[in-house]
Asks: 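Below are the C-alpha cells for one structure; questions will follow.
Below, read A as the first sequence line, B as the second, and so on, with proteins coming before strands; counting in each chain starts at 1.
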Amino acid sequence: MSQHLSEQEILRRQKLQQLRDLGINPYPPEEFPVNATAADIKENYERDKINYKDIRIAGRIMSIRDMGKACFAVIQDATGRLQVYVRRDDICPGEDKSLYDTVWKKMLDIGDIIGLQGYVFTTKTGEISLHVTELKLLSKALRPLPIVKTDEEGNSFDEVSDPEFRYRQRYVDLIINPHVRDTFIKRTQIMTSIRQTLNNAGLLEVETPVLQSIPGGATARPFITHHNALNIPLYLRIANELYLKRLIVGGFEGVYEFAKDFRNEGMDRTHNPEFTVLEFYVAYKDYNWMMNFSEKLLEKVVTDLYGTTEVQCGDKTIDFKAPFKRVTMYEAIQEHTGFDVSGMDEAGLREVCHKLGIHVDAHMGKGKLIDEIFGEKCEGHYIQPTFITDYPVEMSPLTKKHRTAEGLVERFELMVNGKEIANAYTELNDPLDQRERFEDQLKLQERGDDEAMFIDHDFLRALEYGMPPTAGIGIGIDRLTMLLTNNAAIQEVLFFPQMRPEVTSSAQSEE
RNA sequence: GAUUCCGUAGCUCAGCCGGUAGAGCAUUACACUUUUAAUGUAAGGGUCCUGGGUUCGAAUCCCAGCGGGAUCACCA
C-alpha cells in the first residue's frame, strides 16, 4: 500500500527516527505520574503557592513561541491549557545542551504529547505558567495538527470549520476546538443530572433489548438484520416503550432507560439514524403528574448545568422555570388559525386544511389531519416551554382515552423553541382497548399508511395479566442537548454522527 | 430521494470572462533567555476531489461520478 505523505509528515517521520537514534523511545511504555492539571494550577496557584513548587503535568503541545535560548509553549490536558516556560539552562544545567537544542527545539512539534516537571510562577505579563525543569516525550505525533489561534478578544483565526473534516476526524475537532469539548461534557452532565433525579425518585435504571423481533412502540421504518443461529429476521429497536411497560407489569413501579433507538429514514441536521431517548414509566401516576414531574426535572437539569433556569438559544432566551404553560391541542389550533376543530369530522378538517393551504394526502385520517394543522401552523410559535395536551385518539395507539373528552387521549408533548422535546401519556392499560387500537392501525396500513404500527401479541398478553395505571414519557436526549448547548445540528451533539463511508487509499488500490 | 451551492498547500481562503497557482498561519533554516495571533530575515511545500469532453492550451468552460453543506420530502 502506497501512502502519499505530505512534506510535514515526511519530516515528522524523520524526526521519529532521529529520536530513536538518540536512544529516546518516542512511545515509552512506562507511566508518567502527574500531580496537577492545567485547570487546577490556574485556579489554585495564587492562593496556595507553596504547593505548586514541584509539579508534574502531561499534555499535548498546542503552540510554541521560540525565543532562542528560551521558549514559551502551551500545553493542553483534559482540563484545559497551560503556558509553560522552557529555558535551556534550566532543563540542561550541565555542559550538554542537546536536550534543549536538539530534542526540544528540533524534534518536538505541535501535537506531540509530553510530560513536564517544574514549578509554577507568574510571568511579567501576568500569566500563570509552569517553569519547566524536566521534560519527557510521551507520544510523537506524525500528522500536523491544524492550528487555531485566538487573540486577546477571543477571536479565532483559521478555525477548522469544514463540517466533513470535523465530523470524520472528531478526535482532531476535540483537540483544537475547546467549545466542541464543552458541548460533549455538557451532554454527559445533562444525562448525569437526569439520572440522579430519577434515582432519587426511586426509579430503577434498566436495559431492554436492542434486537427485537417486532419493532414496536413507535411508527418508523426499522433497520433489519438477520440472526444466523435462529435463522430469523431481527430489527434494531425503534423504541423501547413496550419492553419498559412489560417491566411495569412485572411489578417494578418505576423504570427508566437511556436508549439508543434506530430509524431507517432520512438524515439531516435534526435526524441521525441512531439517536438517544430517555424513556421512563411510573406506576399509579397519570399524565398530569408527569407534567408536574417533568417540568421540575428539566428545571433541575438546566439549573445544574448553568446555575440559572434561563438558557440562551440562538437569539432567544428560554426560561425553564417551572411550571410550564399548558395548552390543549384544540386551544392551540383555535389560537393560531382561528378555527375551532374540536367537533369536526374528517370532511370538515379537510376543508380547514384547504383554507389554510396545507397539503394533505387521501389516506390521512382525522387524527393525522389535526396533527398536520398543528405542525404547520402552531408548533413553531411555542418558544418558551409549553405542554400541548389532549391529542386525537387516532394518532396515539398506546395512550389511554381521555377521562372526559370524547375522541381524545391523555397525551402531552413538550414544545420548546418551536420543537418537540418530549412526548408523554397516561399509558393505555386496558388490554381489550389496546387490541382494538392495534387493529385500527392495521386498517390504516391497509388504507395506505406505511407508518402504522405492528401488532405485538406478547405485549397484549402482558397487558392481559394487568398493568397498573401508569404514566410514561420519552425525552429526546440529542435534541435536549442541542437546545441546552445552543447547537442547531444534531451532528454537533453526537461524537460520531453518521457519514457516508470514506473511500480510503487502500480501498482505492483494491479496485 | 429532489433542488441548489461547494470541493485549490497541514489549516483558513484567494485565483475562475481559458495561457500552466498565490496569501496568512503551520513547516524548514538563521537570530533572539519573560513571550502570548511573539518578532525579524530567508526557503521549501500542490494528483487545483475523480474520470471524460471542448480547446493549440483547462484549477477556470461542459458532462458524469464521489464527498460535504443548505433547503424540501420522510421522521424524533
Asks: Taking atom types as modelled, find out whether A:S396 and A:R411 have a side-chain donor-acceptor pair closer than 3.5 angstrom.
Replies: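 Yes - a donor-acceptor pair under 3.5 Å links their side chains.
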Asks: Test of understanding: with side-chain hydrogen bond (donor to acceptor under 3.5 Å, both in side chains), list the residues that count as partners of A:Q117, not counting sequence neighbours.
Replies: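 Counting only residues at least two positions away or on another chain, A:Q117 forms a side-chain hydrogen bond (donor to acceptor under 3.5 Å, both in side chains) with A:D54, A:R56.
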Asks: Could you say whether A:E274 or A:D151 is positioned toward the 5' end of RNA chain B, judged by the nucleotide with the nearest heavy atom to each?
Replies: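 So the residue in question is A:D151.
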Asks: Taking only the P atom of each, what is the distance from B:A59 to B:U20 in whole angstrom?
Replies: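 Approximately 10 Å lies between the P atom of B:A59 and that of B:U20.
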Asks: Given 3.5 Å as the limit, does a donor-acceptor pair link the side chain of A:E372 with the main chain of A:I358, or not?
Replies: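 No, A:E372 side chain to A:I358 backbone: no donor-acceptor pair under 3.5 Å.
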Asks: Distance check needed: B:A76 C1' versus A:D261 CG, whole Å only.
Replies: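 Rounded to the whole Å, the gap is 9 Å.
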Asks: Does the structure show a Watson-Crick or G-U wobble partner for B:U50, both distances under 3.5 Å? Name it, or say none.
Replies: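 Looking at the geometry, B:U50 pairs with B:A64.
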Asks: Roughly, in whole Å, what's the span from CZ in A:R411 to C1' in B:A76?
Replies: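 Atom-to-atom, A:R411 to B:A76, this comes out as 11 Å.
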Asks: Kindly point out which of B:G67, B:U35, B:U12 is positioned nearest to the side chain of A:E164?
Replies: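 Per side-chain heavy atoms of A:E164, the pick is B:G67.
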Asks: For B:A70, does either OP1 or OP2 sit under 4.0 Å from a side-chain N or O belonging to A:R269?
Replies: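 For B:A70, OP1 or OP2 has a side-chain N or O of A:R269 closer than 4.0 Å.
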Asks: I'd like the C1' distance from B:U27 over to B:G65, given in whole Å.
Replies: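 Their C1' atoms lie roughly 35 Å apart.
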Asks: Report the base-pairing partner of B:A59 (Watson-Crick or G-U wobble, both distances below 3.5 angstrom), or none.
Replies: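 B:A59 is unpaired by these criteria.
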Asks: My understanding is that a pair needs two contacts under 3.5 Å, Watson-Crick or G-U wobble. By that rule, which nucleotide pairs with B:A29?
Replies: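 Partner of B:A29: B:U41.
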Asks: With sequence neighbours excluded, give me every salt bridge (charged side-chain N to carboxylate O under 4.0 Å, His left out) pair touching residues 77-104 of chain A.
Replies: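 For residues 77-104 of chain A: A:R87-A:D90, A:R88-A:D101, A:D89-A:K97.
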Asks: Run the side-chain hydrogen bond (donor to acceptor under 3.5 Å, both in side chains) test against A:D109 and tell me which residues pass, sequence neighbours left out.
Replies: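 Per chain and number, A:D109 pairs via side-chain hydrogen bond (donor to acceptor under 3.5 Å, both in side chains) with A:K15, A:K140.
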Asks: Rounded to whole angstroms, how far apart are NZ on A:K419 and C1' on B:A76?
Replies: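 From A:K419 NZ to B:A76 C1': 12 Å.
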Asks: Taking the P atom of each, how far is B:G7 from B:A76, in whole Å?
Replies: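 It comes out at 36 Å once rounded to the nearest Å.
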Asks: In this structure, how many angstroms lie between the P atom of B:U35 and the CG atom of A:L130, rounded?
Replies: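 Whole-Å distance recorded here is 18 Å.
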Asks: For B:U34, which nucleotide is its Watson-Crick or G-U wobble mate, given both distances must be under 3.5 Å?
Replies: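 Because no pair has both required distances under 3.5 Å, B:U34 counts as unpaired.
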Asks: Report the distance from atom CD1 of A:I176 to atom C1' of B:C11, rounded to the nearest whole Å.
Replies: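 Atom CD1 in A:I176 sits about 8 Å away from atom C1' in B:C11.
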Asks: The test is salt bridge (Lys or Arg N to Asp or Glu O under 4.0 Å); show your working for A:K419 and A:E379 and say whether it passes.
Replies: CA-CA 7 Å; A:K419 296 186 184 79; A:E379 195 172 270; over 6 Å; no
Asks: OP1 or OP2 of B:G67 sitting under 4.0 Å from any side-chain N/O of A:R500?
Replies: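 A:R500 to B:G67 OP1/OP2: side-chain N or O found under 4.0 Å.
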Asks: Taking atom P in both B:U60 and B:A21, compute the distance separating them and give it to the nearest angstrom.
Replies: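 These two P atoms come out 14 Å apart once rounded.
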Asks: Summarise protein proximity over nucleotides 21-34 of chain B in one line of letters, 5' to 3': B for base, S for sugar-phosphate only, - for none, counting protein heavy atoms closer than 4.0 Å.
Replies: ---BSBSSSS-BBB
Asks: Salt bridge (Lys or Arg N to Asp or Glu O under 4.0 Å) for A:E279 and A:R237? Distances and angles first, verdict last.
Replies: CA-CA 13 Å; A:E279 290 200 25; A:R237 69 177 168 201; over 6 Å; no
Asks: Give every residue pair that meets the salt bridge (charged side-chain N to carboxylate O under 4.0 Å, His left out) criterion with at least one member in residues 158-173 of chain A, sequence neighbours excluded.
Replies: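 Qualifying pairs: A:E164-A:R168, A:R166-A:D173, A:R166-A:E492, A:R170-A:D173.
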Asks: Is the A:H131 ring parallel, tilted or perpendicular to the A:Y85 ring (thresholds 30°, 60°)?
Replies: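 Perpendicular: the ring planes of A:H131 and A:Y85 meet at over 60°.
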Asks: Output yes when at least one side-chain N/O atom of A:R168 is less than 4.0 Å from OP1 or OP2 of B:G68, else no.
Replies: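 Yes, such a contact exists.
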Asks: How are the rings of A:F495 and A:F184 set to each other: parallel, tilted or perpendicular (split at 30° and 60°)?
Replies: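 It falls in the parallel class, under 30°.
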Asks: Checking contacts here: which listed nucleotide (B:G68, B:C74, B:C11) is nearest the side-chain heavy atoms of A:P146?
Replies: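 The nucleotide sitting nearest to the side chain is B:C11.
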Asks: Taking only side-chain nitrogens and oxygens of A:R65, does any of them come within less than 4.0 Å of OP1 or OP2 of B:A38?
Replies: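 Checking B:A38 against A:R65, a side-chain N or O does come within under 4.0 Å of OP1 or OP2.
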Asks: Which base, if any, makes a Watson-Crick or G-U wobble pair with B:A2, both distances under 3.5 Å?
Replies: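 Looking at the geometry, B:A2 pairs with B:U71.
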Asks: Within residues 470-489 of chain A, which residues have any heavy atom lying less than 4.0 Å from an atom of RNA chain B?
Replies: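 When residues 470-489 of chain A is checked for heavy atoms under 4.0 Å from RNA chain B, the hits, listed by number, are A:R479.
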Asks: Mind checking whether A:F293 and A:F280 have parallel, tilted or perpendicular rings, split at 30° and 60°?
Replies: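 Ring orientation of A:F293 relative to A:F280: perpendicular.
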